[in-house]
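Keep in mind it's a predicted model, so treat the numbers as computed, not measured. The figures that follow rest on heavy atoms only: side chains count, while hydrogens, waters and symmetry mates do not. For the single chain, residues carry numbers from 1 onward in sequence order. Atoms within each ligand, like the ligands themselves, are counted from 1 in listed order.
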Amino acid sequence: MQYVSTRGSAPVLGFADVVLAGLATDGGLYVPQSWPSLPENLTGTYAELAAAIFEPYLGGNISNETMLRLTREAYATFRHPDVVPIVDLEPGHKLMELFHGPTLAFKDVALQLLGRIFDHLLTERSEKVTIVGATSGDTGSAAIDGVKNCANVDIVILYPKGRVSEVQRRQMTTIDSPNVRTVAIDGTFDDCQDLVKAMFNDAPFREKHNLSAVNSINWARVMAQVVYYVEATRRLGGPIDVTVPTGNFGNVLSGWIAKQMGAPIRRLVVASNENDILTRFFESQNMNVTGVHPTLSPSMDIQVSSNFERFLFEMNGRDGGMTASQLQRFRDRGLLAVEPDQYEKWVTPTFGAGRANDHDTLATMRSVYEETGMQLDPHTAVGVKVAREHAEDGVPMLTMATAHPAKFPDAVERATGVRPELPEHLADLLSRPERTNDLPNDLAAVEAFVANR
Ligand SMILES: *Cc1c(COP(=O)(O)O)cnc(C)c1O
């Protein structure tokens with residue numbers, strides 16, 4: 001299996017090079033040359049299922065035996081025997097809890113594995129890398145936890161100052177490992193993401209520090225997330241509909257890939273908060289940029305969804321040149337439109353979309369608590385609100401529960417009147433000492449920090 005860039009002018013690479021590179025040299029994202037089918041045998045543990053699904057993507061770069069060891073280690077860090085348990089919410093509507101990993105959000109599913117894949121590949125090559133990433137909260141803590149014990153990886157994570165929750169911030173700033181740095185940027189998440197992209201586009205800098213990415217553009221993350229969609233259909237049968245609280249379009253893209261591989265998923269419903277650029281696209285065939293608006297679901301407060309580029313490439317018949325010029329126009333004018341025939345082929349049969357504002361989010365958290373006693377985190381609540389609007393009789397609806405309620409205690413307490421408790425392994429989080437660095441939204445300052453760390 002080889003991988004091509006969505007912008008068509010970067011070298012074709014194998015799995016190991018794609019994972020270590022993150023972004024392609026032409027600014028595009030790597031995708032496999034074709035979508036393989038699911039393995040015929042879908043039995044075994046979650047870790048065994050994962051290794052079987054990954055096999056065609058690895059192109060022999062990692063042996064099946066090694067991959068099975070890595071998936072077993074990664075998913076042993078999850079605190080539930082099912083790894084991603086499914087629970088009943090209401091008739092015809094279930095939740096898949098993706099938050100039983102070390103940092104309480106779904107990103108652990110990918111990043112516990114990615115850290116281990118990185119360390120394995122780097123050890124084989126006797127190389128070291130510097131991971132630079134931007135986070136709106138959950139990616140940073142999950143990435144740091146995923147690599148905190150890796151000998152061959154240094155990590156620098158940028159987060160928007162004052163725009164991540166206290167629990168999210170502390171999960172990053174209290175990790176006391178010599179290879180971990182956190183930076184509070186005076187700006188938004190998109191500013192942080194732009195700084196990371198600019199560092200990658202600075203070729204001499206990128207090469208000197210052997211930069212690598214773990215944010216949601218990394219192919220291995222998208223691949224790792226495919227597994228729980230397959231797991232959902234393995235447990236529930238199919239066809240099912242799945243609603244996904246969405247920001248960078250990474251999670252729901254993995255669901256789309258699972259469907260391409262043959263998992264019996266009927267519809268994928270994209271759930272946005274007030275930062276609803278994707279929902280507006282799925283409703284109108286037009287993507288246009290507005291400002292970022294802070295909400296109760298900060299991990300979905302984004303302006304431009306980076307992983308959407310992978311889907312756009314498919315809609316363009318895998319034409320990288322066309323995708324690159326479309327994205328250039330989008331950057332220049334803030335507007336992207338697709339043709340009606342592309343939309344009818346790729347979007348109409350598969351995608352639904354909806355939105356929830358903060359009022360809806362709180363009301364959903366409250367109604368679920370009153371009806372079931374269950375506390376939802378605000379991201380999951382956005383999904384539940386939209387799922388309820390899209391549920392159809394006879395087709396089971398599954399909403400992806402992307403964070404543990406204790407990761408967002410203020411919003412949960414505001415909605416339900418009860419402050420959710422952190423699980424035992426994080427009980428003393430609020431008293432652990434913090435280490436962080438404040439920097440302006442300025443590329444030169446951030447590059448100097450990375451160089452001198
Ligand atoms: C990252 C995140 C999301 C959004 O996921 P994308 O892959 O960016 O669409 C939703 N909910 C939570 C809790 C998250 O951490």
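Every ring pair (Phe, Tyr, Trp, His ring centres under 6.0 Å) that F282 has, sequence neighbours left out, goes to F351. Looking at residues two or more places apart in sequence or on another chain, you find a side-chain hydrogen bond (donor to acceptor under 3.5 Å, both in side chains) between T399 and H93.
Residue pairs meeting the salt bridge (charged side-chain N to carboxylate O under 4.0 Å, His left out) criterion with at least one member in residues 102-121, sequence neighbours excluded, are E73-R116.
Residues lining ligand 1 at a heavy-atom distance below 4.0 Å are given as F106, K107, D138, P245, T246, G247, N248, F249, G250, N251, S299, M300, H379, T402, A403, ordered by chain and residue number.
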Check the pair I62 / F54 against side-chain contact (heavy atoms from CB on, under 4.5 Å), numbers first and verdict last.
CA-CA 10 Å; I62 300 179; F54 299 156; over 6 Å; no

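Between R79 and the options H425, E424, H100, a side chain to side chain donor-acceptor pair (under 3.5 Å) holds for only H425.
Checking side-chain atoms of S305 against main-chain N and O of G247 turns up a donor-acceptor pair under 3.5 Å.
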